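Below is one structure, written out as structure tokens; the observations come after it.
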Amino acid sequence: MPLHTYQHSAAVFTLLFDRLLRQIAGVRGLSENERHAQLLHWRGVSEGMGVPDIPQTWREMEELLENYRHPVPFALSFDGSPA
């Protein structure tokens, strides 16, 4: 799998239970302590697998997930470099 897929998986697993509780069950999500534990756990799993650049904060995990689903549009350039 490409690196970005591993990073995406870390974000999904970190945020999963909080989102299920809030969006599906309609109840209060994880506490700040539970969020912190989720973040530390999945960062540790990712680091153990050698996956670099895993976000440091809950908000950064949310941003990674959102940017993965809705990437920044890009344009082709004559020499193939980012436009």
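What you are looking at is a predicted structure, and each value in this text was computed from that prediction instead of being measured.
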Distance-only donor-acceptor pairs under 3.5 Å for side chains of residues 46-57, two or more places apart:
residue : atom : partner : partner atom : Å
S46     : OG   : W42     : O            : 2.8
E47     : OE2  : R43     : NH2          : 2.8
T57     : OG1  : E60     : N            : 3.0

Between L15 and W58, is a side chain to side chain contact (heavy atoms under 4.5 Å, CB included) present by the stated rule, with each step listed?
-> CA-CA 8 Å; L15 304 171; W58 189 268; 3.4 Å; yes

The ring pair (Phe, Tyr, Trp, His ring centres under 6.0 Å) partners of H41 (sequence neighbours excluded) come to none

Hey, could you give me each pair passing ring pair (Phe, Tyr, Trp, His ring centres under 6.0 Å) that has a residue in residues 18-38? Not counting sequence neighbours.
-> none

Hphob cluster co-occupancy, L39 + Y68, side-chain heavy atoms under 4.5 angstrom = no

Between Y6 and L64, is there a shared hydrophobic cluster once you connect ILVMFWY residues whose side-chain heavy atoms come closer than 4.5 Å?
-> no

Salt bridge (charged side-chain N to carboxylate O under 4.0 Å, His left out) with E34: which residues, sequence neighbours excluded?
-> none

Donor-acceptor contacts, no H, no angles, side chain residues 16-28, under 3.5 Å, sequence neighbours left out:
residue : atom : partner : partner atom : Å
D18     : OD1  : R22     : NE           : 3.1
D18     : OD1  : L30     : N            : 2.7
D18     : OD2  : R22     : NE           : 2.9
D18     : OD2  : R35     : NH2          : 3.0

Identify the two heavy atoms, one from M61 and one from T14, that lie closest to each other, and give their separation to 0.1 Å.
-> CE-OG1, 3.5 Å

Value for CG (L65) from CD (E63), rounded to nearest 0.5 Å, stands at 11.0 Å

Sidechain-backbone polar pair: T5 side chain, M1 backbone, donor-acceptor under 3.5 Å = no

